Each structure stands twice: as C-alpha cells, then as structure tokens.
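This is a predicted model, so every value here is computed, not measured.
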Amino acid sequence: MAASSNSSLSGSSVSSDPEDYQPPIWKSYLYQLQQEAPRPKRITCPQEMESRPKYYGREFHGMISREYADELLVGAEGAYLIRESQRQPGTHTLALRFGHQTLNYRLFYDGKHFVGEKRFESVHDLVTDALITLYIETKAAEYIAKMTTNPIYEHLGYTSLLKDKMVHRLSRGRTEPRRVTFKRDERISSPLVQRTALKDTPEKQCFYEKIHNFKVHTFRGPHWCEYCANFMWGLIAQGVRCSDCGLNVHKQCSKLVPSDCQPDLRRIKKVYSCDLTTLVKAHNTTRPMVVDMCIREIELRGMNSEGLYRVSGFSEHVEEVRLAFDRDGDKADISASAYADINIIAGALKLYLRDLPIPVITFDLYSKFIQSAKLPNAESRLEAIHESLLQLPPAHYETLRYLMAHLKRVTQLAKDNLMSSENLGIVYGPTLMQPPEQNALITLNDMRQQKLVVQLMIEHEDVLF
C-alpha cells in the first residue's frame, strides 16, 4: 500500500549545530487509519444473568452458542459481547464483529482483562485496542512490512551530535586495547614473558557502544516512532521506550536501532548497581567516577595501610559512602575528614565492583578467562588472557586496565601493606568475575582460577593492557 504524500523527510542533510536541527515530518498515514477504525459497540443482555462474574457488565450473555452470538452481532461493525463457553463451562469468550465476520477470543482476567500480552482495565478498552490493531493491520499490512526500510533514525541531527561529542570526549582520555604477541626470552632462564610486537591498528573503536534498554511503554496521547517516523498505534503498550535515554520506537523497530544509546542523567537514579557502560556514558567519563575517586583517595593516603583491600571497613560507613555516591555523584565527600579509615573507601570500591549487574569481567567471557588460567604453559596462559581482554566491552576494559595499574602499585609497597599480587587475587577474583549461573559449587571450584587470573593481570599489567 502506498504511503501518504506527507511521509517524506524535510531534508537529507544533517547539521552538527543543535540550533540548526530540523525535526522530521512525522508520517500520519497510520494515525489517520486509527482515527478511521471502528468504535466499540457493546451488545447488552436484556436480562440479569445470575452467573455473571463481578468483573463483567451487561455485555455478559451467559452460556450461549457461537451461532446465537453471531446473530446478535451481525450487521454492526465493532459490536461485541461476552459469553460463557458451552464446550468449556467456566471459561469465557469475547465475540467481536470485524470485517463482516464474528471473531472469537478466549478471554482472561487476573485483575485486568486480556486475550494476549496486553492487559486492560476494562473490556471496553480491550475491544477499542483490538479494533484499532485489526483495522490497521488489515488496511496497511504491506505498508507496515516496509515501514522500517527507509528509517529516519540516522538522519536525526541530535543523534549524530551526541555521537560526535562522545567520540571526541572519550578519544582524548582513553588507552586503546592493543593486540600483543608473547614469546619466551631465550636469554633468561626464568619464564619471563615479554611484549615483542604490536599491531598497527587498534582492535576497538574509540567510543563506547551501548545497547538500548527498551521496555514496553504506554504513551499518553499520539506518539510517533523515532526510528521510522510512523505513528505508534493502539490504546496501550503502543511501543517501547529506552529507560536509559528515552528513545521511543515501535517494538519491531527496536530490533533495528543501532547500539548507540546515550543515557540521560535524569533517568539514571543511582550509581551503585547501575550498568557500567550506562554510567560512564551518562556522565560522559572514561571510567566510573567511583573507581577514579576511590583509587585517587587510596593512593593519596592509604597505600601503606596494612591489609589494604583485605581488611574490611565498618559496614555501616561503607554503606554511607555508597549512599553518598548515589545521592551526590562526583560531589560525594570521601576525604579523610569524612572517613579517616581508608578501609572504608577500599570497601566502597569493592562493593561497587561486586554490585555491578554485569561484572567487570562479563558473564559471557567468564569461561574464557577460567579456561585461560587452566593452561599449563605460562606464555599460552598470558596469550589467552590477553585475547579475552580484547573482547571485553570498552568501558569494562578501561576500568579493568586502570584498576590493575593501581593494584600493581599496591604490590610495589607490599613490604608495608603486606598485599602481594596473590593476596590481591584472592580478594579481587570473586569481585571482578562471577559465573553466569549463580551456583555455589561452580564458584567454589573456580576460586583458584579466579585468583590466578587477577594475579597474572596485576603482575603483567604493563604487557596485557
């Protein structure tokens, strides 16, 4: 079906100046169809039905046949009634007239009315939404099938502008992951592993990609898809909204949107337990502020503290620091005047890393790191860990690189703080990597490899990153 004449965009060129941004012309064809859709017509039962459930009204006709329901609805497009099934007493059927035929749907109630995924406060709303959907999908099936083929998304000025800002910001302060090859130095008898070659081309892009966090959403008033520019039809749950950046699109369009979510700080409610990439993109930083601020404070006044990271800070004070970051962000006060015990700051850093919904070493790469640690040959082990590191999301890689460089400096003062790379591996192994299945037996069996992975990353930080 051909689109209406106002479905074209106002121009194909995009300006990087937000003041020059010209919004697209939204396509009104589907909106017009929704306005034309049949309206619900309730067919009431002339007598009171004692068997009527309390959540149905006079549209309930009791146990009547399909044929009789069809007679009651004939000739009235959008007419509907509810009947009790003769084949399955105790179950209910919505009979709806559309397209000159009677359609029958099994009707359910669990506090709300539904026949599919959508749940409605009233049967009237359910029928209204059903008639809109049936009418649009009947009249515009071909149009809907093709509406994603010419998206406006890449032409939106603000989308390009946000991406340009992020690339510029992150390209200034981030070290790119580099592929390294390893070999034994024949001149030294110990298994020293050294860097011998670097690839000329970086392995990753200089900006952080992030997928959108889409959730089904009910829009109040007319809304248009920000991917295809078409109207989002229906009464409720018309589309999905990204809970991190607020992008509104059709459910089918959400599968085609690029991984370029730019989270809005107004939508990020907390710092702890927030996805790592989401947090750094929302704050436009290279790493999470918690990591930078805690490490800076520890290196300022706690590097000689005996048992650093092993000794626990007072749990109530660690919780206070967490609340301060959630409330104040990078304005949180973690100075010595607020928390004299450096173990509180170390505990807050470990808590942040432990509470990430996706660990620094991500679930999908967990087994690769564990298998790397099991390799008998030292060089192969480092090579495998390096290859796994290159597969980490950029924000995770950068956070891990920064943390390992810090922990390397901690080990250089092990004479005072008693924290060797092995000790730090024991502390940070289960903090940085967790198995995808929350299985206590797997975790217990993998503890040695978790410790070894972190230990090797600390000892060979200058080579691996």
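- Tested against F231, the residues F219, W26, W224, Y29 include a single ring-ring contact (aromatic ring centres under 6.0 Å, His included) partner, W224.
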- May I have the step-by-step check of side chain to side chain contact (heavy atoms under 4.5 Å, CB included) for I345 and L349, ending in yes or no? CA-CA 6 Å; I345 308 305; L349 174 58; 6.0 Å; no
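- One finds the CG atom of L356 at 8.0 Å from the OG atom of S273 (value rounded to the nearest 0.5 Å).
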- Message: Test side chain to side chain contact (heavy atoms under 4.5 Å, CB included) on R241 and K215; report intermediate values, then the result.
- Response: CA-CA 5 Å; R241 167 176 286 175; K215 295 180 180 177; over 6 Å; no
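- A cation-pi geometry, defined here as NZ or CZ lying under 6.0 Å from the six-membered ring centre and within 45° of its normal, holds between R287 and Y402.
- Side-chain N or O atoms of K118 include one that pairs as donor or acceptor with a backbone N or O of I236 at under 3.5 Å.
- Separating the CG atom in L464 from the CD atom in E387 is a distance of 11.0 Å, to the nearest 0.5 Å.
- In plain terms, the two heavy atoms of L81 and I43 that are nearest each other are CB-O, 4.0 Å.
- E59 and Y80 share no side-chain donor-acceptor pair at under 3.5 Å.
- Distance check: T91 OG1 to F108 CZ gives 8.5 Å after rounding to the nearest 0.5 Å.
- The shortest non-hydrogen separation linking S259 to I211 is OG-CG2, 3.2 Å.
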- Message: Please evaluate residues L279 and V271 with respect to the criterion side chain to side chain contact (heavy atoms under 4.5 Å, CB included), reporting the C-alpha separation (whole Å), side-chain torsions for both, the decisive distance (0.1 Å), and the verdict.
- Response: CA-CA 7 Å; L279 188 70; V271 171; 3.8 Å; yes
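- Of all heavy-atom pairs spanning R58 and R42, the tightest one is N-NH1, 3.5 Å.
- With sequence neighbours left out, the ring-ring contact (aromatic ring centres under 6.0 Å, His included) criterion links Y56 to H92, H113.
- Aromatic rings from H250 and W233 are positioned such that their centres are separated by under 6.0 Å.
- At least one donor-acceptor pair under 3.5 Å links the side chain of T431 to the backbone N or O of V427.
- Ring centers of H212 and Y227: at least 6.0 Å apart, outside the cut-off.
- At a threshold of 4.5 Å between non-hydrogen side-chain atoms, the residues T93 and R66 do not count as touching.
- Using a 3.5 Å distance cut-off with no hydrogens or angles, the side chains of Y366 and Q450 do pair a donor with an acceptor.
- Residues D244 and D275 have side chains not in contact (no heavy-atom distance under 4.5 Å, counting atoms from C-beta outward).
- Q32 and S28 are linked by a side-chain donor-acceptor pair at a separation below 3.5 angstrom, with hydrogens and angles left out of the test.
- Using a 4.5 Å heavy-atom threshold, the side chains of R401 and E398 count as touching.
- For F98, there are no ring-ring contact (aromatic ring centres under 6.0 Å, His included) partners at least two apart in sequence or on another chain.
- For the 3.5 Å distance criterion, the side chains of T102 and D70 qualify, holding a donor opposite an acceptor.
- Expressed to the nearest 0.5 Å, how far CD1 of I361 lies from CG of L353 amounts to 11.0 Å.
- Y352 OH to M293 CE: the interatomic distance, rounded to the nearest 0.5 Å, is 12.5 Å.
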